[in-house]
Amino acid sequence: MAKTLYLETFGCQMNVLDSELVLGQLRGQGYVATDDRDTADVVIFNTCSVREHAEQKVWSRLGQLRDRKAADPNFVLGVIGCMAEREGAEIFKRNPHIDILCGPAELDKLPGMVQNAVTTAGGRNVISDRRHVALMGNSVRRSSTLQVARDDLEMLDLSRAVSPGDDLSQAYVRITRGCNKFCTYCVVPHTRGPEVHRPPQNIIDEVRKLVDAGAKEVTLLGQTINHYAFDHSDGRRTTFADLLYAVHEATPDLPRLRFVTSFPRDFSDEALDAMRDCERICRYLHAPAQHGNNRLLKLMNRGYSIEQYREFVDRARERMPDIAIVSDFIVGFPTETDEEFEQCCDIVRYAKFKQSFIFKYSPRPGTVAIDRFEDDIPEDVKRARNNRLLAVQGEVIAENNAALVGQTIEVMVEGESKLVSRRAKATGVELGAGFGGTARSSGPEETVDTQLVGRTRGDQIVVFDGDLSLKGGLVNVAIDRASQMTLFGRRVAEAAVV
Ligand code: SF4
């Protein structure tokens, strides 16, 4: 009988993609994915170290499985991803029942490790005999080792298999791995290692493979994706802009191409031109500002000033007035004053962000900030700043969404809107077509579960009536009204303007 695998993923899209690749590899070994953690032959957690909360969840899951391992020594338990890399042997100390530990830069080794763990599990009493560890060790490898790791990881990406029934509504393709930026609050350069850029033809082939298998939207992934540059052996260089044009041209049957995450510094005019010129590249930029004050940006080691960030927003909007820009913010970073925090609100208003992911600073082990700065902003101040920035962002979203009322927008249909209906009902807030800043309670019509939900090119959620057979297709929707989370409209034949 086929062995079963439970694979749970925490963190960013990069981890989601890693899990997909791992799943593909283990399927090749005969494993079948299951949602039932309690009966799975192999349980693997793909972990994230960016937020403490995600790590706590993993510690808790590992504790819950201690009894199971004691009762069934043949059961194999693994931890992969950033937490495995950052915590290393500490995970074994706290959880001696774990069999496998594998960092993100060694995932190509995981199938062999699982095979070895299955073979040796249960038959040994000497715990060290059944431990299988592959960590990057130190993110700064000797260059020859780094090259081997690059090649092995490239093989992992290239090994991607698409199986019938796979959900390809959100397909990811990695174009770079790792990061060289060393922002002081971030653990990624220490867990994923230095930046490595994949050969362009391999990226194009992978996107092509996904489109042939039915993908309607592909998102290119990289930690600082716009810094992509591949140097060919003959001296040519493929820039990020070149890559965008090449992928767009090679996949005329792909309705939507996206990319995340952009680094605000050095975003070239050529790459912005490519976004403007290629009609199927979504006008969506996730380019985290992180802060609005230059002193704080310097403490964070972001490498740009807020003036440079504004200039980047200006260049993007000059070319694409309808572009949706999304940011991340850290509030309550050490030594941040009220006045400095206020500048975060200023940049939200200036850039008219479509959305901001706002986090209260918390010192993370393995980062520069935890050693260099005292976490001196009280929790209640952090919370107040977090709420204030959320409120400012909410006002901006309301204005952005109200401006879309009356427009006809291209929407990719994702399916039934049950979740969105529930969310609209839960928030109880709705903005009418003539929105002027007041809110009123949502009406009963939002609870109708047969409505469809889709996304605009700018990633706004749109709810409208339609037939489920439209799922996966593009339709034009005239927007009648908007809430903070959602646009509501009706299907129309006329051409979309956004
Ligand atoms: S750019 Fe900064 S925040 Fe982003 S992954 Fe690299 S170090 Fe972390």
Side-chain angles (χ1 to χ4, degrees), residues 10-18 46-55 81-83 85-86 103-105 136 138-140 146 153 172 174-198 219-229 240 259-268 271 285-306 308-309 312 325-334 336 344 347 353 355-373:
F10 299 83
C12 62
Q13 295 107 324
M14 203 60 98
N15 266 15
V16 173
L17 174 57
D18 280 342
N46 189 3
T47 60
C48 169
S49 279
V50 172
R51 310 268 163 237
E52 192 179 357
H53 186 58
E55 288 203 347
C82 290
M83 203 173 151
E85 176 65 38
R86 193 183 66 72
M136 190 166 43
N138 191 333
S139 60
V140 185
L146 177 60
L153 279 171
Y172 297 122
R174 183 175 2 239
I175 75 166
T176 69
R177 299 189 197 88
C179 180
N180 293 341
K181 295 291 174 289
F182 290 93
C183 301
T184 53
Y185 53 82
C186 183
V187 78
V188 168
H190 309 279
T191 57
R192 288 197 176 264
E195 204 170 271
V196 176
H197 303 177
R198 296 186 62 203
T219 303
L220 306 178
L221 294 183
Q223 241 81 30
T224 54
I225 196 160
N226 48 307
H227 286 193
Y228 175 88
F240 182 54
F259 59 87
V260 288
T261 303
S262 297
F263 194 74
R265 197 186 68 208
D266 306 328
F267 202 111
S268 71
L285 276 177
H286 183 187
Q290 298 296 8
H291 210 278
N293 172 270
N294 284 336
R295 190 183 72 85
L296 269 296
L297 286 171
K298 202 162 186 182
L299 289 186
M300 291 177 177
N301 194 32
R302 290 293 286 174
Y304 54 84
S305 66
I306 200 62
Q308 286 170 315
Y309 190 91
F312 154 69
I325 305 178
V326 172
S327 183
D328 298 351
F329 285 95
I330 297 174
V331 297
F333 197 79
E336 180 193 62
C344 294
I347 190 66
F353 290 128
Q355 189 180 354
S356 288
F357 300 101
I358 302 166
F359 303 97
K360 290 177 289 173
Y361 174 74
S362 71
R364 303 296 302 128
T367 62
V368 171
I370 195 171
D371 295 327
R372 196 176 288 173
F373 309 118

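In listed order, ligands and their atoms are each counted from 1.
- Contact annotation: for Arg302 versus ligand 1, heavy atoms closer than 4.0 Å belong to the side chain alone.
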Using the rule given for side-chain contact (heavy atoms from CB on, under 4.5 Å), can you reason through Leu299 versus Thr184, listing the C-alpha separation, both sets of side-chain angles and the distance that settles it, and then say yes or no? CA-CA 7 Å; Leu299 289 186; Thr184 53; 5.6 Å; no

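- Among the backbone and side-chain atoms of Cys179, no N/O/S atom is found under 2.8 Å from atom 2 (Fe) of ligand 1.
- Among all non-hydrogen protein atoms, the one lying nearest atom 2 (Fe) of ligand 1 is Cys183 SG, 2.3 Å.
- Counting heavy atoms from C-beta outward, Leu221 and Val260 have side chains that approach closer than 4.5 Å.
- Within ligand 1, counting atoms from 1 as listed, the ones closer than 4.0 Å to a heavy atom of Lys181 are 1 (S), 6 (Fe).
- Tyr185 and Gln290 share a side-chain donor-acceptor pair at under 3.5 Å.
- Ring centers of His190 and Phe182: under 6.0 Å apart, within the cut-off.
- Taking every non-hydrogen atom of Phe182 and a distance limit under 4.0 Å, the qualifying atoms of ligand 1 come out as 7 (S).
- When non-hydrogen atoms are compared, ligand 1 lies under 4.0 Å from the side chain of Pro189 (C-beta onward) but not from its backbone.
- Residue contacts with ligand 1 for Thr224 involve side-chain atoms from C-beta outward but no N, CA, C or O (heavy atoms, distance under 4.0 Å).
- Ranking protein heavy atoms by distance to atom 8 (Fe) of ligand 1, first place goes to Cys186 SG, 2.3 Å.
- Using modelled atom types, one finds a donor on one side chain and an acceptor on the other under 3.5 Å when comparing Glu195 with Thr224.
- Between His291 and Phe333, the ring centre distance reaches or exceeds 6.0 Å.
- Tyr304 pairs in a side chain to side chain contact (heavy atoms under 4.5 Å, CB included) with only one of the listed residues (Leu297, Asn294, Asp266), which is Leu297.
- To the nearest 0.5 angstrom, Asn226 atom CG is 6.5 Å from Phe240 atom CZ.
- With a heavy-atom cut-off of 4.0 Å, Tyr185 touches ligand 1 through its side chain alone.
- Each of the following atoms of ligand 1 lies closer than 4.0 Å to a heavy atom of Val188: 5 (S).
- The protein heavy atom nearest to atom 5 (S) of ligand 1 is Gln223 CG, 3.4 Å.
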